[in-house]
Amino acid sequence: IYVARTELIFTVYSIRARLRGGAVRDPVRRKTVEAPVIVSDWGDSPSVVEATMSDCRRQWNREDELPVYLAGPINTGPNQKKSYGMFSSVEGAFESKTIDFDNYAVGRKGSRTPRSGSRERVLDAGDPMGKTSSEAREGSLTNSTGETDDAHPGVESERLLIKGGRVVNDDQSLYADVYIEDGLIKQVGENLVVPGGIKVIEANGRMVIPGGIDVNTCLMKHYLGTQPADDFLQGTKAALAGGTTMIIDHVTPAPGESLLEAFECWQEAADKKACCDYSLHVDIPQWNEIVKDELELLVQEKGINSFQVYMAYKDVYQMSDSQLYEAFSFLKQLGAVVLVHAENGDLIAQEQRKILGMGITGPEGHPLSRPEELEAEAVFRAITLGNRVNCPVYITKVMSKSAADTIAQARRKGSVVFGEPITASLVTDGSHYWSRNWAKAAAYVTSPPLSPDPTTPDHLNTLLACGDLQVVGSAHCAYSTSQKAIGKDDFTLIPEGTNGVEERMGFVWDKAVAMGKMDENQFVAVTSTNAAKIFNLYPRKGRIAVGSDADIVIWDPYSVKTITAKLQQSASEYNIFEGLECRGGPALVLSQGRVVYEEGKLQAQQGTGRFIPRKHFPDYAYQRVKFRNQVNRQQGVTRGLYDGPVYDVVPTPKYITPAPSAKTSPISHQPPPIRNLHQSNFSLSGAQLDDNIPRRSGHRIVAPPGGRSNITSLG
Amino acid sequence: MSYQGKKNIPKITSDRLLIKGGRIVNDDQSFHADIYMEDGLIKQIGDNLIVPGGVKTIEANGKMVIPGGIDIHTHFQMPYRGTTTVDDFAQGSKAALAGGTTMIVDHVIPDPGCSLMAAYDQWRQWADEKSCCDYSLHVDITHWNDSVKQEVENLIKEKGVNSFQVYMAYKDYYQMSNSELYDIFTFLAERGGIAEVHAENGEIIAEEQTRMLQMGITGPEGHVLSRPEELEAEAVFRAITIASQTNCPLYVTRVMSKSAADIISQARKKGHVVFGEPITASLGTDGTHYWSKNWAKAASFVTSPPLSPDPTTPDYLNTLLSSGDLSVTGSAHCTFSVAQKAIGKDDFTQIPEGVNGVEERMTLIWDKAVTTGKMDENMFVAVTSTNAAKILNLYPRKGRIAVGSDADLVIWDTDSIRTITAKTHNSATEYNVFEGMELRGAPQVVICQGKIVLEDGNLHVTSGVGRFIPCSPFPDFAYKRIKARKQLAVLRAVPRGMYDGPVSEFSMSRGGTPSASARNSPTKQPVRNLHQSAFSLAGNPAPYGPPTPDDIPIRPAGRRIVVPPGGRSNITTLS
């Protein structure tokens, strides 16, 4: 099957190449290439930049000698100034796609607009508190030599032109220049008219992709009073070094803690420290009325549209099925995406007890007590709940083949479910839990655990390539070895989490694209675009288009590096991918229109990261749900009233056999009025002293006056 | 309750019987042979048997002679809110015999909180008094604690019960949590019992029921709307997961939907020891009738899990039954009169659950599976009788025509056609969920305990002759594989040197973040204390000692690392 799939991918490639080649030979179109685009609405004196890219482009990509995009129709009328080169195949199509940012400014109106935001934040970064801690850390880093505090970003960093790159979005790849101003993409196309004196980055035909979005990081997850080694500063630096320009972190309130307070705490910390844009998921540690109110507030005013619930961690975070049902229903009304940590916590607790009882206390007890079946079971249950409530479900951390298969099957049946494998599950497997080196074995501890089946990464990459899994996170939650050692005598105490934020994009390229499973567009989709769509950031993030944020990566598919803890940005002293070779990596990273990483040098700036609020009801998840809501209206059958004989139920039932959960449905708490009436009939026939005593099992049938009517007879 | 059997068949002749010229069909092979029975046992099988003179001879004329059916799932005389099902053991077992079933296995349902043993005794008493055919009992575990544990052990050891049903539905009543299920399965696996499970997600059902009633749906269609087949499939999946964790054989009662059956067949392909039991109703009819305008008709189909509204379900289940993915068939015969069903006329959650099917079971499978070419006659014997006998550890006493087996036989007429109707059936109810169906295949002669009970269309049953057949634990059919796996699946720890690197300071009082259920496992506590005391030796008195809630917020986020004297050792460095 695998061979067949690769063949298929190759066929697709060659067809695509052929199509391009065919169009190239169109002589009429080729001419239009030379026509310069004049953009005249810039304040500065416009200078015409000639198209000089074609040379290097030919050099760099022999496959498509002269891409068809160069031959896009270009207007020569008065409307010409609004032309975006090949983008305007339908005139004016672009206006509507430009984002109205006021829409996004939920809850923080006026305080910050995206453009001025970064400036202000730069000044904030000068506060001594944040500095000292960051400098203290920098000393230990080997690779952050270029880290500078650029307190007054000049004009050149605000205005940038990326020339001669191949812009790769999730739907198509095309040759175009990208002009960036004030942290936004202002123009995409050929022969852009840009102001003079701007900084020009020569992409030389390399891929220009939207910056990665890491949908799952835990940079502040407390564990027994200790914090992860990577905080927002270290974590986002590592992210940027790996080509990820936005992270979505998990707010993990302790049980009983207020969600809102935890959110504010996280936001405060991230505003101070984050070097790239970020957003937040909020985890729901318990379910009650207060939480409901807080959720509503978070969605309506704070710009949060995703919440995680737990099916594991018994007696701590775990929710019962009923609670999950309520939570799903409630979050659906709010238009939020439900993230699920899917593992059967009850069984894990039992297994842990059993395995500790057997004297297994090392890290191998972790996967032994959390076999992949328990993950698959919980995924199945979560999807069932999602189907019943008709609510989109997002499974975080897909770690095993069976869990991924369950998701793939459910999608075939039409469920709205998304699966997120993480860097670790795509690259490595759980055989390391049996390592003789305790520290190494403990480094792999995460939940759900990595599957000991060594074919798992390959399988997950395949499902990711074919679209059955949608997004890649990293679940980056790095604890140092000494923190892991909290559980040296008991594996259940080992803090859970692996690294991966820096390696995420590189390994997806290495394992999926370089292996021929995935094309570059799908690569962009799974590392960035799908995440932006699911969490309603699209097209501000996750796409290179006019009006989008200038979070851009120039990707070098040929770079090869060996992963090692010595060279990583993360502050932890281990790396679970230690020694693996990874093809593909970022050559240059732009965050908010500023170069933050170039040729191995990181120039991240603490505190520049903005909180990106997200609106509820993301179309990508909720459009289908809305239609289903309209279709799936259940209706009762209109019948005549049953007027046949009714068996008299003993009021104080001694035997209540299968009265299915009669007691839980509040409506059946009190006997319906009709039955009471009915019972009062009985008392007319003469109340007895022993009325309260349960009657013997004899039948008492009340025949209504006039006998049985037609409606009840069996025909 | 017909007692005419006593006078019609004199005892002497009925004790010795010869069936001549039949084709014996077992689950493995078919062959032509005569059968001689004496004292309720099969004494000889073969050609030209030497038998005493004057025995009654039945000419089979080349017809099939099959082992009597075993209905592995009935609810006769089941109490419900002060009433009982209309078919008691006499009426029910009479219907069973009329359909070619010579043994039934009834479910003992103790009230939650009541003694299992007392309920068992009660059922034994009822059945011994009235049953017309041999019977055995499952016991349902409706609550779980140490005394129940003891009772289950006694039931297995002394009372001849080897199968216990647990419920994943009926929230706040019978429903067991996952942890309880784990405990029960572990316990049964040790004692050699079969874990039977009523698989539906009770919590979601409760929510859905509330929702349906709020929407104003109170009729029987609310029953199926609130119990969609997904919930059945989900629970089956979960039950299989738990069973495979505990290495316990699992038996799923009442497989009613395609998706549940699919899950079972997938699990079997992965090697799980799991058996699925479709029932007569799910093999014969579908859930479209819940939308009948006739309330009484719609209510008569109410059972749990409900019949699937998908009309292709019966065909699909018959296919899986034929391919061996589903193993046995029951009837879940549990009949309430229309008046009893009408308890729930204004609220579908109050409708007593149960359908008929004990009489129609064998005929229906013959018609739906064998005459359609899905199944051969040997498989027919397997799913109606032999597999059940194997699971209950009654094989080869029951479920096989062999020398020494009980003389429970049926001469099967493959050509007869009859129409099912409530007017002629032997159950006491006034409806039949298979009403109007034309079914091919029927028993011509039924022999139970060596006595003819059905001949020429006349039923001669004797109430009270049914014996209790004890089932012993560890049936090979289920446990052979389990035992082998138990020996293989021994978990071992990795022998490592002691970790002697730095350990980060931590406070246990912190409202646990993913310290996965650290607090549940009692074994940990001593280890941890020891650990902490070791630290105080390293000379760092202030921060140690019992952490108070106060000192958590004050403590800065920075890590505090204690370096042990002697520095880091090799064992902790990363290679």
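What you see is a predicted model; the values in this text were computed from it and never measured. A, B, ... follow the sequence lines: proteins, then strands. Residue 1 opens every chain.
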Contact part of A/Ile355 toward chain B, heavy-atom cut-off under 4.5 Å: side chain, backbone, both or neither?
side chain
Comparing A/Gly497, A/Pro371, A/Gly579 against chain B, the one with the most heavy-atom pairs below 4.5 Å turns out to be A/Pro371
Please round to the nearest 0.5 Å and tell me the distance separating atom NZ of B/Lys345 and atom OH of A/Tyr642.
8.5 Å
Provide the closest heavy-atom pair for A/Tyr647 versus B/Gly82 in the form atom of the first, atom of the second, distance.
OH-O, 3.7 Å
Determine the minimum heavy-atom distance between B/Ser504 and A/Thr226, stating which atoms define it.
OG-CG2, 3.4 Å
Go through the steps for B/Arg492 and A/Ile360 under the test side chain to side chain contact (heavy atoms under 4.5 Å, CB included), then give the verdict.
CA-CA 7 Å; B/Arg492 282 193 191 85; A/Ile360 300 178; 5.6 Å; no
When rounded to the nearest 0.5 Å, the distance separating CD of A/Glu375 from OG1 of B/Thr241 is 11.5 Å
Could you tell me whether the side chains of B/Ser179 and A/Lys314 share a donor-acceptor contact shorter than 3.5 Å?
yes
Under a 4.5 Å heavy-atom cut-off, does chain B meet the side chain of A/Lys484, its backbone, both or neither?
neither
Tell me whether the rings of B/Phe237 and A/Phe380 are parallel (<30°), tilted (30 to 60°) or perpendicular (>60°).
parallel
Can any side-chain N or O of B/Glu234 pair as donor or acceptor with the backbone N or O of A/Thr384 at less than 3.5 Å?
no
Taking side chain as everything from C-beta outward and backbone as N, CA, C, O, which of these in B/Gln266 sits under 4.5 Å from a heavy atom of chain A? Side chain, backbone, both or neither.
side chain
Rounded to the nearest 0.5 Å, what separation is found between the OH atom of B/Tyr182 and the CZ atom of A/Arg353?
9.0 Å
Does A/Arg639 reach the main-chain N or O of B/Ser292 with its side chain, forming a donor-acceptor pair under 3.5 Å?
yes
In Å and rounded to the nearest 0.5 Å, what is the CG to CG distance from B/Leu181 to A/Asp346?
9.0 Å
Contact origin within B/His272 toward chain A - heavy atom pairs under 4.5 Å
side chain
In short, A/Arg388 meets B/Leu225 closest at the heavy-atom pair NH2-O, 3.9 Å
Would you find a donor on one side and an acceptor on the other, under 3.5 Å apart, between the side chain of B/Arg496 and the backbone of A/Ser435?
yes
For the interface with chain B, which of A/His341, A/Gln323, A/Gln409 has the highest count of heavy-atom pairs at distances below 4.5 Å?
A/Gln409
Counting only non-hydrogen atoms closer than 4.5 Å, does A/Leu368 touch chain B with its backbone (N, CA, C, O), its side chain (CB onward), both, or neither?
side chain
Return yes if a side-chain donor-acceptor contact under 3.5 Å exists between B/Lys270 and A/Ser402, otherwise no.
no
Under 4.5 Å from a heavy atom of chain B, the part of A/Pro285 involved
neither
What pair of heavy atoms forms the shortest contact from B/Val494 to A/Glu364, and how long is it?
N-OE2, 2.6 Å
Distance col, row B/Glu203:CD vs A/Arg381:CZ, nearest 0.5 angstrom, shows 8.5 Å
Which atoms of A/Tyr479 come close to chain B, meaning under 4.5 Å heavy atom to heavy atom: side chain ones, backbone ones, both, or neither?
neither
For B/Ala493 and A/Gly359, the nearest pair of non-hydrogen atoms, with its separation, is CB-O, 4.3 Å
Choice from B/Glu208, B/Met215, B/Lys341, B/Arg211 maximising heavy atom contacts with chain A below 4.5 Å:
B/Glu208
When you look at A/Ser322 and B/Lys171, which way does the side chain to side chain contact (heavy atoms under 4.5 Å, CB included) test go after all the steps?
CA-CA 10 Å; A/Ser322 302; B/Lys171 190 183 171 190; 2.9 Å; yes
What's the spacing between B/Gln245 CD and A/Leu347 CG if we round to 0.5 Å?
6.5 Å
Heavy-atom distance under 4.5 Å to chain B: side chain of A/Ser320, backbone, both or neither?
both
Please classify the contact between B/Tyr290 and chain A as side chain, backbone, both or neither, with a heavy-atom cut-off of under 4.5 Å.
backbone
Most contact-rich option vs chain A, by heavy-atom pairs under 4.5 angstrom, among B/Ala422, B/Gly436, B/Ala233, is B/Ala233
Sort out for me which of B/Pro220, B/Gly222, B/Ala298 touches chain A most, counting heavy-atom pairs under 4.5 Å.
B/Pro220
Please look at A/Gln318 and chain B and tell me whether the side chain, the backbone, both or neither of the residue comes under 4.5 angstrom of a heavy atom of that chain.
neither
Grab the two heavy atoms, one from A/Pro645 and one from B/Ala342, that are nearest each other, plus how far apart they are.
O-CB, 3.5 Å
